[in-house]
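Everything on this sheet refers to the single structure shown next.
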Amino acid sequence: MEKLIRQYWWKALGVLILLYVFVVGMLVPLKPGITLVAPSSAKTGQELILEIEGYNTNFDKAEDTLRMWLKMDNERSLAAKSIDVIGPRNARVAFNIPDYLPSSQRVQDFALVIDNPIDGASVRPNAVLITQDSIDPDQGIQQWVNENMTGLHEKQGITFPFRNILGETIRNTYFHVSLWLAMMIIFIAAMVYSIKYLRRLDNRYDYWASALTSVGLLLGGLGLLTGAIWAEYTWGKFWSWDIKQFTTLIALLIYMAYFVLRSAFPDEAQRARISAVYNIFAFIALIPLIYVLPRLTDSLHPGNGGNPALGGEDLDNTMRMVFYPAVIGWTLVSSWIASLLYRTSQIEEYLWDKWDEDDNYEK
């Protein structure tokens with residue numbers, strides 16, 4: 001380890017990876033999507049006229065090839081009767097809704113699917129709720145004019161997925177989520193060094209544990225900050241006392257108490273032993289606070305309280321090309337900062353020893 005911290009290749013690699021993450025993560029465009037569908041409800045037996053607003057779309061350039069459907073399920077879809085393009089992002093589309101639906105549900109949700117060769121295919125789940133006054137699935141099957149969605153196009157080039165709730169803020173995945181994962185790696189390393197100290201009572205391991213914990217707290221603070229910014233755009237508030245926010249704050253406060261504890265003991269050996277034990281306790285407390293308790297109650301945060309975490313559409317193969325390097329980059333740069341703190345502790349130890357020697361010599 002001593003030899004590794006004096007090498008420069010992994011430090012430069014961490015910086016280059018983060019530069020790649022910032023440039024690619026912020027400049028690659030999102031796929032076209034659908035931001036508005038109005039009205040959001042209708043009844044059977046009427047002509048439904050929808051006002052559509054797209055995102056990163058080119059309706060005007062693809063007017064002659066623009067297609068739209070109301071998709072009921074994997075087998076049934078209703079093609080648009082007419083499409084009136086108003087601009088690159090706006091269109092007015094009409095659908096003839098039959099008197100009966102091939103469904104036994106009184107209220108049936110439909111997804112809106114838009115396709116053209118320039119933008120590719122876009123989907124707005126649960127775009128329209130259609131209510132049928134009389135339920136007769138057999139009549140619905142007879143009246144339903146099905147047009148399968150064939151020949152759908154894909155957007156050319158490298159793009160990130162569009163999610164209506166997230167929009168451009170989906171880019172924060174490369175920072176907020178990757179910072180938390182890097183924090184976990186750093187805290188695990190700090191705990192390992194605390195265990196090593198208790199086994200060997202070598203001050204070097206205590207210095208490493210302290211340095212890594214400092215950097216882990218920095219990552220956690222940045223993760224909390226980026227999460228609050230994200231919450232402002234998606235939840236409407238920077239801080240809503242969501243269970244995930246609350247337990248994460250408690251976990252970081254527990255780690256902050258680690259340094260308060262270290263400053264309370266003047267004896268170096270006693271400070272190192274107690275700090276090592278507390279560091280192990282802090283990591284053990286971190287797991288239920290961040291990963292267990294939020295899953296036991298309702299939460300706005302993805303992956304907790306029944307709210308699904310980022311899945312295949314949120315984190316597709318294109319995003320993985322940036323997300324996983326981001327985790328590696330934050331980890332490498334954090335390790336570099338920890339190594340600087342470790343070497344600072346060694347210098348302080350050397351200077352104190354030198355001062356003691358000089359003081360004893362003068363006496």
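Residue indices begin at 1 and follow the sequence shown. Side chains included, hydrogens not; waters and symmetry mates left out as well; all remaining heavy atoms used.
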I'd like to know if the side chain of Gln156 reaches the main chain of Ile118, judged simply by a donor and an acceptor atom lying under 3.5 Å from each other, with no hydrogens or angles considered.
no
Hey, is the main chain of Glu53 close enough, under 3.5 Å, to the side chain of Thr35 for a donor-acceptor pair?
yes
With a cut-off of under 6.0 Å to the ring centre and 45° to the axis, is Lys155 in cation-pi contact with Phe162?
no
Distance alone, cut at 3.5 Å: any donor-acceptor contact between the side chains of Asp133 and Thr44?
no
List the steps, then state whether side-chain contact (heavy atoms from CB on, under 4.5 Å) holds for Arg67 with Leu152.
CA-CA 9 Å; Arg67 300 182 296 166; Leu152 296 179; 4.2 Å; yes
Taking Met191 as the starting point, is it possible to reach Leu253 by hopping between hydrophobic residues whose side chains are less than 4.5 Å apart?
yes
Ser240-Trp235 side chain donor-acceptor pair, cut-off 3.5 Å
no
May I ask you to test the Tyr233-Glu168 pair for a side-chain heavy-atom distance under 4.5 Å?
no
Quick one: does any side-chain atom of Arg92 pair with a main-chain N or O of Asp84 as donor and acceptor, under 3.5 Å?
no
So do the side chains of Ser122 and Lys31 get within less than 4.5 Å of each other, counting heavy atoms only?
no
Measuring from Phe259:CZ to Leu217:CG, what's the distance to the nearest 0.5 Å?
5.5 Å
Is the shortest heavy-atom distance from the side chain of Thr226 to the side chain of Val177 under 4.5 Å?
no
Tell me whether Asp73 contacts the main-chain N or O of Glu75 through its side chain, where contact means a donor paired with an acceptor under 3.5 Å.
yes
Do Phe160 and Tyr174 pass the ring pair (Phe, Tyr, Trp, His ring centres under 6.0 Å) test, and can you show the C-alpha distance, the side-chain angles, and the key distance before you say yes or no?
CA-CA 12 Å; Phe160 296 142; Tyr174 308 132; 5.4 Å; yes
Look at the side chain of Thr57 and the backbone N and O of Pro32, then say whether any donor-acceptor pair between them is shorter than 3.5 Å.
no
Could you give me the CA-CA distance, side-chain angles and deciding distance for Trp208 and Ser194, then say whether side-chain contact (heavy atoms from CB on, under 4.5 Å) is met?
CA-CA 8 Å; Trp208 270 118; Ser194 292; over 6 Å; no
If you group Ile, Leu, Val, Met, Phe, Trp and Tyr by side-chain heavy-atom gaps below 4.5 Å, do Leu219 and Trp10 land in one group?
yes
Do any side-chain atoms of residues 22-30 form donor-acceptor pairs under 3.5 angstrom with protein atoms, and if so which ones, sequence neighbours left out?
none

Is a donor on one side and an acceptor on the other found under 3.5 Å between the side chain of Arg124 and the backbone of Ile34?
yes
Any Lys/Arg nitrogen of Glu47 or Lys81 sitting under 4.0 Å from an Asp/Glu carboxylate oxygen of the other?
yes
In one Ile/Leu/Val/Met/Phe/Trp/Tyr side-chain cluster, 4.5 Å: Ile49, Phe110:
no
Could you tell me which non-hydrogen atom of Ser103 sits nearest to which non-hydrogen atom of Gln108, and how far apart they are?
OG-OE1, 2.9 Å
Are Lys244 and Asp242 ion-paired here, with the side-chain N under 4.0 Å from a carboxylate O?
no
Quick check: is Trp69 connected to Ile97 through a chain of hydrophobic side chains (ILVMFWY, heavy atoms under 4.5 Å apart)?
no
Given the rule that I, L, V, M, F, W and Y join up when any side-chain heavy atoms are under 4.5 Å apart, are Leu112 and Tyr55 in one cluster?
no
Strictly under 6.0 Å, is that where the ring centroids of Tyr197 and Tyr207 end up?
no
Using a strict 4.0 Å threshold on nitrogen-to-oxygen distance, state whether Arg262 and Asp206 make a salt bridge.
yes
Tell me, with the steps shown, if Leu289 and Thr248 meet side-chain contact (heavy atoms from CB on, under 4.5 Å).
CA-CA 7 Å; Leu289 284 171; Thr248 299; over 6 Å; no
Could you check whether any side-chain N or O of Asn58 sits under 3.5 Å from a backbone N or O of Lys61, counting only pairs where one atom can act as donor and the other as acceptor?
no
I'd like to know if the side chain of Ser275 and the backbone of Ala272 have a donor-acceptor N/O pair within less than 3.5 Å.
no
Determine whether Leu212 and Tyr193 satisfy the following criterion, side-chain contact (heavy atoms from CB on, under 4.5 Å), listing intermediate values before the conclusion.
CA-CA 9 Å; Leu212 289 166; Tyr193 274 106; 3.5 Å; yes
Whether Asp136 side chain and Gln139 backbone form a donor-acceptor pair below 3.5 Å
yes
With sequence neighbours excluded, tell me which residues meet side chain to side chain donor-acceptor pair (under 3.5 Å) with Arg89.
none
Is the distance between the ring centroids of Tyr255 and Phe283 less than 6.0 Å?
no
Closest non-hydrogen contact found for Thr331 with Ile186 is O-CD1, 4.3 Å
Pairwise distance OG(Ser214) to CG(Leu340) - rounded to 0.5 angstrom
12.0 Å
Would you give the length of the straight line joining atom CD1 of Ile130 to atom CG of Leu48, rounded to the nearest 0.5 angstrom?
6.0 Å
Would you please test Glu268 and Asn203 for side chain to side chain donor-acceptor pair (under 3.5 Å) and show each step?
CA-CA 9 Å; Glu268 185 176 2; Asn203 283 341; 3.1 Å; yes
Side chains of Ile114 and Val123: does their closest heavy-atom pair fall under 4.5 Å?
no
Could you go through Phe281 and Tyr278, starting from their C-alpha distance and side-chain angles, then the distance that decides it, and tell me whether this counts as ring pair (Phe, Tyr, Trp, His ring centres under 6.0 Å)?
CA-CA 5 Å; Phe281 157 77; Tyr278 185 88; 5.6 Å; yes
If we ignore hydrogens and angles and just use 3.5 Å, is the side chain of Thr297 paired with the main-chain N or O of Leu293 as donor and acceptor?
no
